[in-house]
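Structure record follows, encoded as structure tokens.
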Amino acid sequence: MSKWCKCIVLSIVAMFSLSDSSYGQESKSDTVEVAKIKKQRLPAYWTIPPPIRLCTGSGVTEHRLSRALRFWERLGYQFGRVIVDNDSYTCVTGGIEGEITILLFTQGIIDGEHLAVTRTKRNTRTSQIIQIQIYINRYGAEKLLVLEHEIGHALGWSHRRERYHLMNENWNDIGHVTTGLSFTDYQREILKLESPSQ
């Protein structure tokens, strides 16, 4: 962000639960803003294809990440370069702005009942994504569609209630349905964010 632009930054948290209950919990300070955001299918977005930093300590392999990215590429998305990071200082500190960082899930982030959690840092004036942190629970790294779901959040998509939809709130109800998630849909939702009066 430029020095003269004093924009408010909001962190949105999306969790992937093992249970049948909803897992869209946010911190108390974000409650009001998130209540508005939940009505939007795409509350935040990238302006360029985001680079991805894979911290090797996350338990996610390069092959697993490659499969998840191909899933989204078939829907028309592009990504920046993939950086395989052997847990450098950048990984230890949670990644850097301008990237999607995949990290090992720790107890300091959220309790151990969740498969994964994606944290989104965005500019609340423009809705543009500043930084993403995907925390994967070690036993969730290879689970079916968990990483694909979290990359969906990393792109800016929120949860869906449709059964068997990739972005369903609960892992037990998740599936390969991607209705409304194509890159064309993404561009359409971005236009809505940029022209809120329409």
> Side chains of Thr118 and Glu150: donor-acceptor distance under 3.5 Å anywhere?
Replying inline: yes
>> Using the rule salt bridge (charged side-chain N to carboxylate O under 4.0 Å, His left out), only one of Lys143, Arg74, Arg70, Arg64 pairs with Glu148; which is it?
In response: Arg64
Report yes or no: does [X] contribute a side-chain atom to a donor-acceptor pair with the main-chain N or O of [Y] at less than 3.5 Å?
X	Y	result
Arg53	Thr90	no
Tyr186	Gly76	no
Trp46	Ala154	yes
Asn123	Arg125	yes
Glu62	Thr56	no

Nearest 0.5 angstrom please: [X] [atom1] to [Y] [atom2], how far?
X	Y	atom1	atom2	value
Arg122	Thr124	CZ	OG1	6.0 Å
Ile190	Asp185	CD1	CG	11.0 Å
Met167	Arg161	CE	CZ	13.5 Å

> Between Glu189 and Arg41, is there a salt bridge with N-O shorter than 4.0 Å?
Replying inline: no
> Looking at the rings of His159 and His153, which for Trp means the six-membered one, are their centres under 6.0 Å apart?
Replying inline: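 They qualify: ring centres under 6.0 Å apart.
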